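This report concerns only the one structure given below.
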2 protein chains.
Amino acid sequence: MRRDIFQGIADPTRRAIIALIAIQAMTPNTIAENFNTTRQAVSKHLRILTECELLKQEQHGREIYYSLEVEKMKEIDKWLEQYRRIWETRFNQLDTLLAKTKSRK
Amino acid sequence: MRRDIFQGIADPTRRAIIALIAIQAMTPNTIAENFNTTRQAVSKHLRILTECELLKQEQHGREIYYSLEVEKMKEIDKWLEQYRRIWETRFNQLDTLLAKTKSRK
DNA sequence: TATATGTGCAACCATTTGGTTTCGCAAACT
DNA sequence: AGTTTGCGAAACCAAATGGTTGCACATATA
């Protein structure tokens with residue numbers, strides 16, 4: 001049972017949950033109201049997201065508030081970094097190419 | 001059969017393939033040499049990555065070179081953007097908090 | 001022309017995934 | 001105390017996933 005961020009954000013419903021939660025903390029019932037599935041299905045997604053530490057729980061009486069662990073999202077950003085370097089280099093290459101073409105006129 | 005970028009990068013082997021390909025274009029056989037699976041298994045991953053447009057093919061005789069479609073990677077960056085705004089805001093809040101604490105001394 | 005090589009595709013298999021229904025349990029009302 | 005409410009856990013199920021082996025088919029090479 002793999003449980004990393006990439007696995008976490010792979011499912012569209014989970015990405016929707018993340019987007020929802022990002023605005024403000026919510027309880028499973030409130031979250032489930034936004035989807036066409038059962039609360040239990042949403043609960044499963046919440047478990048997966050919590051296990052890969054993208055979400056954190058806060059208990060208030062019998063209610064559990066789920067909120068986004070923004071810091072964890074940075075890990076995706078960190079992973080992207082190496083490729084960002086590539087597309088920025090390519091952009092620079094295009095940039096110097098354009099400069100050359102310009103000066104040639 | 002879902003086939004989007006998030007699904008594409010969900011598998012660790014596929015992320016490794018992306019990292020490998022990012023440096024230079026490669027044929028399935030060469031790629032497969034880097035993994036403990038069969039060439040066919042790698043071929044399946046290549047198909048998935050190509051279907052979600054993260055990879056592009058270039059045929060040279062009987063060899064097929066796979067290379068990274070860097071532009072497509074930007075879509076993940078674009079998705080991250082909304083959350084980057086959140087963590088930057090939180091950083092700023094921390095920043096102003098620190099400034100306040102400082103000036104109070 | 002015969003053979004070797006590089007590749008994709010199909011069939012098959014065990015495991016995982018995403019969903020459901022049913023249940024148990026603690027917290028909050030009446 | 002009895003009932004409602006919010007939740008997670010378990011059992012079950014169909015579909016998807018990641019792997020395998022075996023095959024077909026071009027393109028090189030002898």
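In this text, all values refer to a predicted model and were calculated from it rather than measured experimentally. Chain letters run A, B, ... following the sequence lines, proteins first, then strands; residues in each count from 1.
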If only side-chain N and O atoms of A/Y66 are considered, is one of them under 4.0 Å from the OP1 or OP2 phosphate oxygen of D/dG8? yes
Check: C/dG19 base within 3.5 Å donor-acceptor of A/K44 side chain: yes
What nitrogen or oxygen pairs link the protein and nucleotides 21-26 of chain C at under 3.5 Å?
residue, atom, partner, partner atom, Å
C/dT22, O4, A/Q40, NE2, 2.9

Please report the distance, rounded to the nearest Å, between CD in A/Q59 and C1' in C/dA27. 9 Å
Whole-Å distance separating the CG atom of A/L46 from the C1' atom of D/dA9: 14 Å
Can you find a heavy atom in the side chain of A/Q57 that is under 4.5 Å from one in the side chain of A/Q59? no
Flag the pair B/R84 and B/E81 as a salt bridge only when some basic side-chain nitrogen lies within less than 4.0 angstrom of an acidic carboxylate oxygen. yes
B/E51 has an atom CD; how far is it from atom P of D/dT17, in whole Å? 10 Å
Hey, what bend do you get for the helix from C/dT1-D/dA30 to C/dT30-D/dA1 if you fit axes on five pairs at each end, rounded to 10°? 10°
Below 4.0 angstrom from OP1 or OP2 of D/dT5, is there any side-chain N or O of A/N29? no
Here the gap from B/I17 atom CD1 to B/L68 atom CG, rounded to the nearest 0.5 Å, amounts to 11.5 Å
Considering only side-chain heavy atoms of B/T37, which listed nucleotide, D/dT20, D/dG18, C/dT7, is closest? D/dT20
Is any side-chain nitrogen or oxygen of B/S43 closer than 4.0 Å to OP1 or OP2 of C/dG8? yes
Do any side-chain nitrogens or oxygens of A/R3 fall under 4.0 Å of OP1 or OP2 in C/dT17? yes
Measure the shortest side-chain to side-chain distance between B/W79 and B/F6 over non-hydrogen atoms and say whether it is less than 4.5 angstrom. yes
Using a cut-off of less than 4.0 Å, is there contact between a side-chain N or O of B/H45 and OP1 or OP2 of D/dT17? no
Tell me whether the side-chain N/O atoms of B/Q7 come closer than 4.0 Å to OP1 or OP2 in D/dA16. no
